[in-house]
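Taking it in order: structure first as structure tokens, then the write-up.
Numbers restart at 1 for each chain; the letters A, B, ... are given by sequence-line order, proteins then strands.
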Amino acid sequence: MIRALSQSALIGADESSIVMCAIAGDDNAYGELVRRRQCAIRQLFRRLCRDPALADDLAQQTFLQAWRAIHTVKSPAAFGGWLKRLAVNVWLQRVRAEQPWKNTDSLDTLPEQGTQPSVAERLDLDGALATLPPDVRLCITLAYAEHMSHREIGEATGIPLGTVKSHITRGAARLRQLLGAYA
Amino acid sequence: MNGKRADHGDQIPGEQFDPELAALFSEANETPLEADAFTRAVLRQIEQERRRRVMYQVGGTIAALSAGAFAAPFVGKTTFDAVVWLTQGTPPAAAMFTTPAAYALAAVITWRIARRGFR
């Protein structure tokens, strides 16, 4: 039997204990998890879609889905990774629902490297990211912003490892070009 | 996914990693976001979802009870007819236990239970 923690105890508690309470149905504990993880998940979506309102909607969807499925978390320590995978799935569902006819894995959709970037793109990392095809943007964001390995990205997104590697290599090259070698 | 790299120096072999691009990402990641309004919105959605679930449960229970009440007379009559048919169509149950065959069967069963108990 897991005892619910008071609001003040929640603030100082370690995440594993809070996850256990949330799994047991404590909404205050789940609220504390949202408070702690919201920034990372919202930043991830902001980077992926470049629209703060949409990013917050997707983050809310992620937390709602996480609340529904929190009993499936195998180990409380794995909550962070599990939540991130859920966020990636929410994003992929969104992209595939929006563009079902487009093969977002295709590197053919990557803009030509000879194309000159605009001034705004040069200055703005998010702007430069937005020019990449969704799956390339996702791989680059997970690798550079979320510090995930190629294998972890492949597992989270369902994209083959070879494709992840090539997305990251070509995406990074394109970003370097767009950002004017970080000038 | 839990193999989070604290910095980009401890690169996994075979993975190309651009340190300058990584630095740009980490600088851009430092913007804090207001947590309270977002958390409240998520908790409000959870509350709505919980209320919706309760409504579905209550609706489902009412539907099941209504269907039960509607079908009860038919089910009761059919059950009664079946019981009447069974009791009239077969010999009285008590008589079955007073035949020599029933005594023999009971003896065998008792003997087996007793043997198992003594082991």
Q) Going by heavy atoms in the side chains, are Tyr144(A) and Leu24(B) under 4.5 Å from each other? A)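 Result no, sub-4.5 Å side-chain heavy-atom pair not found.
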**Q.** Region of Ala40(A) that comes under 4.5 Å of a non-hydrogen atom in chain B
**A.**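 Contact with chain B involves no heavy atom of Ala40(A) at all.
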Q | Contact class of Ile153(A) relative to chain B, heavy atoms under 4.5 angstrom | A |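 Contact with chain B is absent: no heavy atom of Ile153(A) under 4.5 Å.
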Q) Where on Ile46(B) is there a heavy atom nearer than 4.5 Å to chain A: the side chain, the backbone, both, or neither? A)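 Both parts, heavy atoms under 4.5 Å.
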Q | Per-residue contact mode, Arg44(B) against chain A (heavy atom under 4.5 angstrom) | A |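 For Arg44(B), there is no contact with chain A at all, as no heavy atom is under 4.5 Å.
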**Q.** Flag for Asp81(B)-Thr78(B): side-chain donor and acceptor within less than 3.5 Å
**A.**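 No, because no side-chain N or O of Thr78(B) sits under 3.5 Å from a partner of the opposite role on Asp81(B).
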Q. In terms of hydrophobic clusters joined by side-chain contacts under 4.5 Å, are Leu54(A) and Leu48(A) together?
A.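 Leu54(A) clusters together with Leu48(A).
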Q.
Strictly by side-chain hydrogen bond (donor to acceptor under 3.5 Å, both in side chains), give each pair with a member in residues 49-58 of chain A just once, sequence neighbours left out.
A.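 For residues 49-58 of chain A: Arg42(A)-Asp56(A), Arg46(A)-Asp56(A), Arg50(A)-Asp124(A).
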